[in-house]
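One-based numbering, in listed order, for ligands and for the atoms of each.
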Amino acid sequence: MIAFEPIAAIATTPHACQRLQPLCQTAEVTLYVPQSLGNIPKTQVYPDSLRQLLPQLWSSHRAIVFCLALGAVVRLIAPLLQHKSTDPAIIVVDETGQFVISVCSGHIGGGDRLAQLVARILGATPILTGSANALNLPGIDILGVPFGWKRGSGDWTGVSAAIAQQQTVQVRQEAGSTLWQHHLPATHSFDFTSTQTPQAQIWISPQHRQLSTEDLPQVQWHPRVLWVGVGCERNTPKAVIETAILDVLRAHQLAEEAVAGIASLDLKADETGLVELCQARHWPLQTFSAEILRQVTVPTPSEIVQSEVGTPSVAEAAALQAAQVQALLVSKQIYRSPQPQPSEAERIGQAVTVAIAIAQQEYTGRDGQLLLVGTGPGQLNQMTPAAQTAVTQADVVIGYSLYLDLITPLLRPGQIVESYPITQERQRAERAIELAEWGLTVAVVSSGDCGIYGMAGLVFEQLRAQGWRGETPGVQVFPGISALQAAASRVGAPLMHDFCAISLSDLLTPWEMIEKRLKAAAMADFVCALYNPRSRSRTEQLSQAQMIFLQFRSPQTPVALVRSAYRDDEQITLTTLEELTEVSVDMLTTVLIGNQSTTFHQNWMITPRGYLGFTQ
Ligand code: SAH
C-alpha cells in the first residue's frame, strides 16, 4: 500500500476497532481510538474529540479510513475539505464490514484504489461512485500517473463530464506511451484519429497550450520527455540557470512539466546552482564525460568550449546523449544574466547555454516494482489477500491467459493487462522486467505458487543474467497455494509425512535426472506429488514413473489423481499404484502417490504421522 502511506484509521467503538484490525496487520496504518475504549494494544489513543484530532491528521496523512457512519464522516470532514488535488483520500468502512466506500479524493488522491485494496483485505465490497468506474475507464485526471506524466492546465471537471456522458473526446497524443490506449474497453468514446467533431479534447504533449475556456473543455497532460542540456560558467547561481531554462521553454511553448531532467558535463556534477535547482524541482541530473560528449554530432560546436573542457559541445551533446536521439528540438541558446557583475573579486557565473532534446520514451521518475504473485489453484477465495492486493495495486498485470481469466474480478479500470500463450514464459519475464525497469509496478502471475514451477524463478534468473543489483526494480514475492496442497486438500491428508514434488516435464530437465529423483524418492518412502504428469507430446513418462515406484512400493499403494482442483471442471480419482495408468491423466492433473503407510478410509486418503502409533 506504499502509495497511500501514511494512512490513519479511526474507530470509535470496540466493534469498529476489531473491523479495522486486519488493516493494521497488512500495512503501515495507525489506528486511532478514543480514550473511552480503554487500552487496546497497537492503537493510538486520542484524548479529546475526533473533531479536534482530524485537522492534525488531515495535513500529515495521505489517506484516512473511518469505521463510522457515513453521515458522521461527511459532517466531520466538511470544514476541512479544500481541493481534490490536495485532500487526503477518505474511505468509510461500515460497521458490519460488508462495504468499503470511497468518499473523497477518489482519483488523484487514490481513494478508489485504496477502497478496493481495503475491501480485498477485509473481504468486503468496494463502493466506487465515480462515473469512470461504471464505464470501466481510467479516471482522466490519473491517466498518466503510472508513466510519471504531469497534469497541466485545463478543465478537468468538464472533460471528465464529457467522458461520463460518452461524448466524443478527441485525444491528441504527441508524446508518451500509448500503452493505455490499447487497454480500453470497447465502449470508450475517445477519438484518436481526429475524424469526428469533438465535444472535449485531451492533449498529451510536451507543448504548453493556452487552452481557451470558451469552446470545448480541454485538458493537457505532459509526459516527461524533454532532456535539457545545460552548460554554465562556474558559480552560476541557481536562479540564473533556472531563468535561462524557463525562458527557453517558454520561447518554444514547451511545458515545464514535460522536463524529464537536466544533462551536462561531468565537471558540472557538483555545480552548486545546478545541483540545487535539480533538487528543488525533482529533476535528475545526468552528467557525461567529455570523452562521451565529444563523440556526439551537434549542430553548433564551439572551439572555445573544446579548448576549455575537451568537448566542442556541452549543452547540445548532453541533451542528445540523455535523450538517446540524434536531433535536437531546440539547438543551443545562450542566456546572459542582466544583473550587473559585482566586482571582479566576487565574480559569479552569468552565462548559461541551454539545448533541448526530446526522448522517445518518457522518464517516469518512479522506481519500478516486480510483484511475483501466486494466484492459487483456481477460485479467488483460495488466493491470499496479500496476493489479491498486489494484483489490484499493479499498473501492469502479466500472465498466461487462462490464469488471467480466473483473476478478472481483481483487475481495475485503466490497468494494463498483457496475456501471453502458455509457452511464452521467457517473453513474459522479459516484458515484465522491461516495464519495471522503466518505472512501472508489474505483477507477474502464476497459478498455484509462483516459485514452484512458476514465473518467480524465471524472473529472478533473467534479472541475474542482466546484472541486476538487487534494488531497482524492487521485487516482492507473494506465495500461493500450490497444486500439491490444493490436490491434497481435496482428498484428505496425504502429505502428512515427508513428501516431495517432482515434475515429469523433460522440456528443461533431462529425463535421466527425473528418473534418478523418482528412484530416490520412491526408495526413501516419500509421499510424492507429480506435476506435469503428461502433455500431448509426452505420454510415456507417467508409466515409467509408475514402474519405478512399483520397484519399491506395493501395487496397492493409494494414489490420487486431482485434475483442475478448485476450478469448475475439477475431477478427482482415487486409485492404486498398479492401476494408475488406466485412468486418463492430462497436464491439468496432479498425481499424489502415497507412502508405505498411506491408506484410504471412506474415500479419504490419509498418511499417518504416527500419533496413534501405526506409522513405519
Ligand atoms: N506453479 C504451479 C505449478 C505450475 S506447473 C503451482 O504451484 O501449482 C503446472 C502443473 O501444476 C500442472 O501440469 C499440474 O500438474 C499442476 N496443477 C496446476 N494447477 C492445478 C490444479 N488446479 N489442479 C491440479 N493440478 C494442477
- request: Enumerate the atoms of ligand 1 whose separation from the nearest heavy atom of S564 is less than 4.0 angstrom.
  value: 21 (C), 22 (N), 23 (N), 24 (C)
- prompt: Will you find, in the side chains of W511 and E540, an N or O donor that is under 3.5 Å from an N or O acceptor?
  reply: no
message: Does the plane of the ring in F460 sit parallel, tilted or perpendicular to the ring in W468? Use 30° and 60° as the thresholds.
response: tilted
task: Take D586 and R563 through the salt bridge (Lys or Arg N to Asp or Glu O under 4.0 Å) test and state the conclusion after the steps.
output: CA-CA 8 Å; D586 65 8; R563 181 181 190 276; 2.7 Å; yes
field: Protein heavy-atom partner closest to atom 2 (C) of ligand 1 - residue, atom, separation in Å
entry: S447 O, 3.2 Å
- request: Could you check which of P533, A483, G457 puts a non-hydrogen atom nearest to atom 18 (C) of ligand 1?
  value: A483
- request: Return yes if a side-chain donor-acceptor contact under 3.5 Å exists between Q415 and D395, otherwise no.
  value: no
statement: Nearest non-hydrogen contact to atom 15 (O) of ligand 1 from the set V591, L592, D586, T589 belongs to T589
task: Give the residue, atom name and distance (to 0.1 Å) of the protein heavy atom nearest atom 4 (C) of ligand 1.
output: Y453 O, 3.5 Å
query: Looking only at heavy atoms, which two atoms of H61 and I7 are closest? And how far apart?
result: CD2-C, 3.5 Å
- prompt: Hey, is V562 touching ligand 1 through its side chain, its backbone, both or neither, going by heavy atoms under 4.0 Å?
  reply: backbone
message: With no hydrogens and no angle check, just 3.5 Å: does a side-chain donor-acceptor pair link D367 and T472?
response: no
task: In sequence, state the C-alpha distance, the side-chain angles, and the governing distance for Y363 and W149, and then conclude on ring-ring contact (aromatic ring centres under 6.0 Å, His included).
output: CA-CA 8 Å; Y363 170 74; W149 302 352; over 10 Å; no
message: For atom 23 (N) of ligand 1, tell me which residue out of A486, A565, P377 has the closest non-hydrogen atom.
response: A565
message: Looking only at protein heavy atoms, which one is nearest to atom 11 (O) of ligand 1, and what is the separation?
response: Y531 CD2, 3.3 Å
- prompt: Any idea which atoms of ligand 1 are less than 4.0 Å away from a heavy-atom of S482?
  reply: 6 (C), 7 (O), 8 (O)
task: Can you pull out the closest protein heavy atom to atom 10 (C) of ligand 1? Residue, atom name and distance to 0.1 Å, please.
output: N532 OD1, 3.6 Å
- request: Using the salt bridge (Lys or Arg N to Asp or Glu O under 4.0 Å) rule, take E430 and R426 through it: C-alpha gap first, then chi angles, then the decisive distance, then the call.
  value: CA-CA 6 Å; E430 280 167 11; R426 253 189 97 162; 3.6 Å; yes
query: I452 heavy atoms, cut-off 4.0 Å: which ligand 1 atoms fall inside?
result: 1 (N), 2 (C), 3 (C), 6 (C), 7 (O)
- prompt: Between S419 and S401, do the side chains contain an N or O donor and an N or O acceptor separated by less than 3.5 Å?
  reply: no
query: Which atoms of ligand 1 have any heavy atom of M587 under 4.0 Å away?
result: 12 (C), 13 (O), 14 (C)
field: I514, N532, V591, T509 screened by side chain to side chain contact (heavy atoms under 4.5 Å, CB included) with I502, the one that passes
entry: I514
query: Quick check: does G454 get an N/O under 3.5 Å from an N/O on ligand 1?
result: no
- request: Kindly confirm or rule out an N or O of S446 lying under 3.5 angstrom from an N or O of ligand 1.
  value: no
- request: Show which atoms of ligand 1 fall inside a sub-4.0 Å distance from at least one heavy-atom site of T590.
  value: 14 (C), 15 (O), 16 (C), 17 (N), 24 (C), 25 (N), 26 (C)
- request: Can you pull out the closest protein heavy atom to atom 19 (N) of ligand 1? Residue, atom name and distance to 0.1 Å, please.
  value: R567 NH2, 3.4 Å
- prompt: Are A487 and ligand 1 in contact, using a heavy-atom cut-off of under 4.0 Å?
  reply: no
query: Side chains of Q98 and T96: donor-acceptor distance under 3.5 Å anywhere?
result: yes
E570, portion touching ligand 1 at heavy-atom distance under 4.0 Å: neither
